[in-house]
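In what follows, chains are A, B, ... by sequence order, proteins preceding strands, each numbered from 1.
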Amino acid sequence: MNSKDSESFALCAVLRGPAECLSYRLPESCRGLNLVGRRVVVPLGYREAVAVVVAVEEHLPAHLGKEALKDIRLVVDEAPLLPEDLMRLCQWMSRYYFHPLPSVLEAVLPSSHFAHPERYYRLTQQGRHGLQGVGRPEGKSAGGLALERAFLESGELGPKDLESLPKGWKAHLKRLESLGWISRHDVWPSLVPSTKTQKIVVLRSVPDEKRIAASAHLRRFLTVLRDSGGTCPLADLRRQVPQASYWVRKLAAEGAIGVEERDILRESPLAQDLKPRALVTLTPEQQAAVAMMIEAVSSPTFKPFVLYGVTGSGKTEIYLRLIQETVDQGRTALVLVPEIALSTQLEAQFRARFGEALSVWHSGLASGVRDDQWKKITSGQASVVLGVRSAVLSPLKNVGLIVVDEEHDVSYKQDERLRYHARDVAVMRARIANVPVILGSATPSLQSFYHGRTGRYTLVTLRKRVEGRPLPHMHIVDMRRHRGPFRVLSPELVQALKETFQDGGQAMLFLNRRGFASFFLCRSCGAVLQCPHCAVSLTYHQSLERVLCHYCGHEEAVPGLCSACGKGSMVPFGFGTERVEEELHRTFPQVKTLRMDRDTMTCASKVVQTLEAFRSQKAHVLVGTQMITKGHDFPHVTLVGVINADTSLQISDFRSGETTAQLLMQVAGRAGRGEKPGRVVLQTYNPHHHVIQAAATLDYDHFCEHELTSRRTLQYPPFTRMARVLVTGPHGHVTAQAAAELGRMGRAVQAALKAKGIPLAILGPAPAPIQKLKRRYRYNLYVKAWTAEDLQTAVESLLEQAAQQAFLASVQVTVDRDPVSSL
DNA sequence: AGCACGCCGACT
DNA sequence: GTCGGCGTGCTC
Ligand SMILES: [Zn+2]
Ligand SMILES: [Zn+2]
């Protein structure tokens with residue numbers, strides 16, 4: 001074998017590049033290095049790009065000749081940026097969710113790790129002669145002339161210089177480049193995020209007694225320094241000690257203290273100041289639950305648990321014990337929560353338990369904090385990661401346990417780009433790492449409930465509330481009997497509120513619609529005011545005195561006359577949280593209210609503030625959307641009102657029963673204080689609907705059994721596997737035709753698989769429930785199979801055929817596997 | 001994704 | 001003739 005044969009090639013996922021992985025030659029210097037999981041800079045067409053090495057192979061793919069290969073230009077990382085099991089997870093996601101690997105990696109890496117290069121143009125020798133020689137002012141735009149002048153002046157121009165030129169420079173730049181008068185240079189920004197440093201004062205020796213006695217400031221200086229263990233950030237000293245700068249200079253010169261520059265890791269600011277609850281001893285039931293799971297944690301193997309425990313049954317404490325065991329054994333733990341801003345109590349408990357070893361990860365992190373937390377995780381300084389959906393992709397090494405809290409929560413599903421479900425990805429990550437995974441919920445997803453029942457997952461049940469709190473009383477209010485403002489707050493609910501206030505209790509009112517009125521209707525012709533970009537009605541927001549689209553953000557002035565007929569006046573219909581709050585003020589003028597929805601909660605800290613304010617009884621009522629149903633416990637809430645229990649039931653989706661039941665039971669879990677049972681008032685127009693009835697009995701098991709029976713009859717998940725193929729395009733008829741074509745292909749695939757004995761069902765295509773969104777028309781096609789592998793085969797062959805059909809290039813085809821929403 | 005190339009209508 | 005917008009095809 002000669003030396004040429006021993007060459008090896010790197011298969012690279014090029015970021016901000018094509019969907020397929022490309023092969024590159026390894027430069028001499030990289031022989032023998034394990035490049036997998038590291039970033040490299042590679043040439044790509046006329047430019048350079050950052051790529052992640054996916055594999056190093058001895059043999060080229062058959063379709064490529066050696067001559068076709070280019071060299072890797074630069075190896076960016078000294079060690080793998082992504083641990084091996086995370087690379088495998090990414091590859092699994094790419095295949096499972098039918099999404100290009102480079103794009104999956106873009107979701108994993110903080111964007112600072114694949115920043116855009118800056119493009120500079122330099123005047124060449126030839127160019128200088130050219131520009132000085134011929135002055136042809138005629139036929140050149142202002143931009144072109146300015147460009148030439150700028151080049152003659154400075155010789156090199158960057159993005160900022162170019163942007164400041166008047167219009168017309170772009171085309172001229174191209175021309176100068178093709179003439180060879182200027183040359184292009186791409187400059188990469190630092191692909192390793194910079195660290196923030198802090199000056200730290202370190203106490204080396206104590207100055208003599210006399211001087212200490214002589215200066216109060218020095219005494220204070222030394223006290224503060226000693227209190228913080230002999231090392232203290234300079235900034236803190238400056239804040240706490242007068243004349244600190246003088247004493248730092250003086251003592252440093254004498255060698256009594258040292259001033260050191262240290263790297264600091266910026267942290268999430270949310271729950272830093274919250275007091276955690278005291279440690280509790282486990283109830284016998286909790287102990288039993290820990291006992292069931294501890295073995296899989298101590299000597300890790302892949303084992304999924306469903307921790308099914310009613311609200312207040314103390315799941316958190318169980319997580320903490322098992323995580324502690326994991327950390328004690330030198331492994332790391334990954335904990336997922338639906339929304340970190342709603343989990344500050346949990347965060348405070350974790351912070352108290354794990355201190356510096358905790359890394360908090362959520363979407364609201366500033367980029368600097370995000371980079372630092374990434375570094376904290378990759379460098380092994382974090383042994384516990386607590387975060388939202390995307391934290392399932394955090395680069396933890398040596399994972400020993402994964403916890404998904406409130407696993408039924410739909411916020412684990414990402415409904416754009418890479419459409420993954422963090423719970424399912426967590427289970428796969430656990431499988432790859434061969435460690436246990438705990439799915440915790442008071443209302444497990446039907447899927448997990450089912451797996452728990454069949455034994456595929458181990459079911460661990462907590463039936464008792466820790467403080468022995470009784471279940472709330474449930475009242476169903478038949479709203480069909482009420483009119484006018486009583487359709488917002490029924491007399492029954494008003495009465496319950498009155499009694500609650502008299503008892504000094506607090507109430508929560510839940511309505512999953514924000515704004516004041518849901519839509520505007522023309523009194524004369526019946527037209528509904530719609531968003532110009534989407535097929536949805538515009539919502540009236542009183543505080544803004546505007547109507548807005550909740551899907552694309554479009555807003556406009558409140559309509560006067562109908563634009564359809566030109567004569568009718570537009571009147572508001574339906575109501576949202578804003579109206580509920582107003583009705584509340586009208587009925588109870590003295591009562592203080594807080595409102596929590598996307599309109600009032602503009603940032604994460606507002607959420608934390610509002611929740612704290614309500615917990616400390618600064619208001620009597622909390623009105624809100626989805627947000628108020630999650631996580632929190634409010635010890636003084638004795639009444640929960642569900643303003644419209646039907647809203648999520650109306651969505652025509654096989655999952656609507658499940659999500660409604662979960663929602664109602666989660667809300668119900670908020671009510672109750674001490675031994676006093678809480679009250680829950682469900683306002684509904686379908687008082688006899690089985691989901692409402694099930695919620696009223698608070699028997700989730702029974703609901704699930706019922707629901708599973710009907711899913712089995714209708715052959716819906718978890719008995720089958722589904723993928724939604726979403727076709728979108730800017731033109732209605734083209735999109736419709738493309739969807740129809742895709743439907744025909746789907747049926748061809750169905751026929752082909754049937755011949756192999758593989759059953760498949762194709763449903764649709766049909767216009768999506770929201771037919772137009774952000775100026776794009778939308779159609780759904782559903783592919784149903786009886787096993788995950790059959791679904792894989794079917795969708796793969798469908799996509800393969802679609803890629804060959806040129807006509808389908810004019811639309812966008814995305815696959816949403818295990819869809820949660822049909823919108 | 002980002003880039004080049006080619007084609008076309010709008011504008012000096 | 002010049003400029004920019006858009007559709008098409010390619011990147012190891
Ligand atoms: Zn009208
Ligand atoms: Zn819209």
Show which side-chain atoms of residues 162-170 of chain A pair as donor or acceptor with protein atoms under 3.5 Å away, not counting sequence neighbours.
{"unit_1": "Ser164(A)", "atom_1": "OG", "unit_2": "Asp161(A)", "atom_2": "O", "d": "2.7"}
{"unit_1": "Trp169(A)", "atom_1": "NE1", "unit_2": "Leu162(A)", "atom_2": "O", "d": "3.4"}

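- Under the side chain to side chain donor-acceptor pair (under 3.5 Å) rule, His533(A) has a single partner from Arg775(A), Lys772(A), Arg776(A), which is Arg775(A).
- The phosphate of dC3(C) has OP1 or OP2 within less than 4.0 Å of a side-chain N or O from Ser141(A).
- Rounding to whole angstrom units, CG of residue Leu147(A) and C1' of dC3(C) are separated by 14 Å.
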Practice prompt. Under the side chain to side chain contact (heavy atoms under 4.5 Å, CB included) rule, what do Leu44(A) and Leu22(A) come out as? Steps first, then yes or no, please.
Written response: CA-CA 9 Å; Leu44(A) 180 70; Leu22(A) 305 179; 3.5 Å; yes
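- Between His733(A) and His731(A), the angle of the ring planes lies from 30° to 60°, which puts this pair in the tilted group.
- In this structure Ser363(A) satisfies the side-chain hydrogen bond (donor to acceptor under 3.5 Å, both in side chains) test with no other residue, sequence neighbours excluded.
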Every protein N/O lying under 3.5 Å from an N/O of nucleotides 4-12 of chain B:
{"unit_1": "dA4(B)", "atom_1": "OP1", "unit_2": "Arg184(A)", "atom_2": "NH1", "d": "2.9"}

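- Rounded to whole angstrom, the span from the CD atom of Glu106(A) across to the P atom of dG2(B) amounts to 9 Å.
- Here dT2(C) presents its P atom at 16 Å from CG of Leu173(A), a figure rounded to the nearest Å.
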Name every donor-acceptor pair, under 3.5 Å, that has one atom in a side chain of residues 739-749 of chain A and the other anywhere in the protein, sequence neighbours excluded.
{"unit_1": "Glu741(A)", "atom_1": "OE1", "unit_2": "Arg744(A)", "atom_2": "NE", "d": "3.3"}
{"unit_1": "Glu741(A)", "atom_1": "OE1", "unit_2": "Arg744(A)", "atom_2": "NH2", "d": "2.9"}
{"unit_1": "Arg747(A)", "atom_1": "NH1", "unit_2": "Gly764(A)", "atom_2": "O", "d": "3.1"}
{"unit_1": "Arg747(A)", "atom_1": "NH2", "unit_2": "Ile762(A)", "atom_2": "O", "d": "3.2"}
{"unit_1": "Arg747(A)", "atom_1": "NH2", "unit_2": "Gly764(A)", "atom_2": "O", "d": "3.0"}

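- Residues forming a ring pair (Phe, Tyr, Trp, His ring centres under 6.0 Å) with His113(A) (at least two apart in sequence, or on another chain): Trp374(A).
- Note that CD1 of Ile402(A) and CZ of Arg429(A) are 6.0 Å apart. Values are rounded to the nearest 0.5 Å.
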Practice prompt. Determine, for nucleotides 4-12 of chain C in 5'-to-3' order, which nucleotides have protein heavy atoms under 4.0 Å from the base (write B), from only the sugar-phosphate (write S), or from neither (write -).
Written response: S------BB
